[in-house]
Amino acid sequence: RNPYTQQWNGGYTWAMTSNAAIEVEYVHVLGLRESKERVINPKQVAAGGARWTDAPLRAAGLPLLGVVRMNEAVGRSRYDALNTSYRRRMTRHFSINTSYVLSRAVGYNGASAGFRNLPTDVNNIFAAHDFGPTPADETHRWVLSGIVELPGGVRFAPIMQLASARPYQA
């Protein structure tokens, strides 16, 4: 099964003057059928660490298997963001843009759309303790940029961005 996303967004732009505009936008992305790796023959603590495949293989006189992993298209992730921006053309040769993003990216024990995200509990691949921020999650991001048109058709575009720290998982 191929992974896919359900996406929607909505926004509004207000042109305050012919040279200035404010935009507000909400973005939602739900990732479905992402790759997730499962151990299909985990060790059973109650059985002294034996795997469920051990007894039938031993009875058939075959060697025992180690861990057997299977990739499944069952993973999920989610991204939500509120974007605001302001654009202003100051003169014919200079414009300024600024934007702020308040966002949240969450998933189950790994990156959004990641490959082979392993659960920490092999018997519960969607355990609550595995759900949390992805490594790319930045709650706050602010960007300031401008465009300066220099003589001879040369454009100079400085950019400055500040962002909150990304989550850390021990």
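Everything quoted here is computed from the prediction, not taken from an experiment.
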Test question: given the 4.5 Å side-chain rule for I, L, V, M, F, W and Y, name all other residues clustered with [X], or answer none.
X   : answer
L65 : I40, L57, L62, L64, V68, M70
M16 : Y12, W14, I22, Y86
Y4  : L30, L32

For the backbone of I96 and the side chain of R88, can you confirm whether one donor and one acceptor N or O come within less than 3.5 Å of each other?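 Such a contact is absent between R88 side chain and I96 backbone.
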What residues, two or more places apart in sequence or in another chain, satisfy salt bridge (charged side-chain N to carboxylate O under 4.0 Å, His left out) together with [X]?
X   : answer
R58 : none
E23 : R87
R89 : none
R76 : none

Looking at E37 and R69, is any side-chain nitrogen of the basic one under 4.0 Å from a carboxylate oxygen of the acidic one?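 Salt bridge: yes.
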What residues form a ring-ring contact (aromatic ring centres under 6.0 Å, His included) with F126, not counting sequence neighbours?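 Expected list: Y108.
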Got a sec, which residues hit ring-ring contact (aromatic ring centres under 6.0 Å, His included) with H28, two or more places apart in sequence or on another chain?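 W8.
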Going through the distances and angles, do R38 and E72 end up as a salt bridge (Lys or Arg N to Asp or Glu O under 4.0 Å)? CA-CA 7 Å; R38 292 183 68 176; E72 294 182 308; 3.3 Å; yes
Would you check if Y100 and L102 make a side-chain contact, meaning some heavy-atom pair closer than 4.5 Å?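 Yes. Closest side-chain heavy atoms under 4.5 Å.
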Is the shortest heavy-atom distance from the side chain of V143 to the side chain of T98 under 4.5 Å?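 No, their side chains stay 4.5 Å or more apart.
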Contacts under 3.5 angstrom, residues 158-165 side chains, donor-acceptor by atom type, not counting sequence neighbours:
{"residue": "Q161", "atom": "OE1", "partner": "R141", "partner atom": "NH1", "Å": "2.4"}
{"residue": "S164", "atom": "OG", "partner": "T139", "partner atom": "N", "Å": "3.2"}
{"residue": "S164", "atom": "OG", "partner": "H140", "partner atom": "N", "Å": "3.0"}

With sequence neighbours excluded, residues passing side chain to side chain contact (heavy atoms under 4.5 Å, CB included) with R92: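 With neighbours one apart ignored, the set is empty.
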A55: partners by side chain to side chain contact (heavy atoms under 4.5 Å, CB included), with sequence neighbours left out: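 Result, side chain to side chain contact (heavy atoms under 4.5 Å, CB included) vs A55: none returned.
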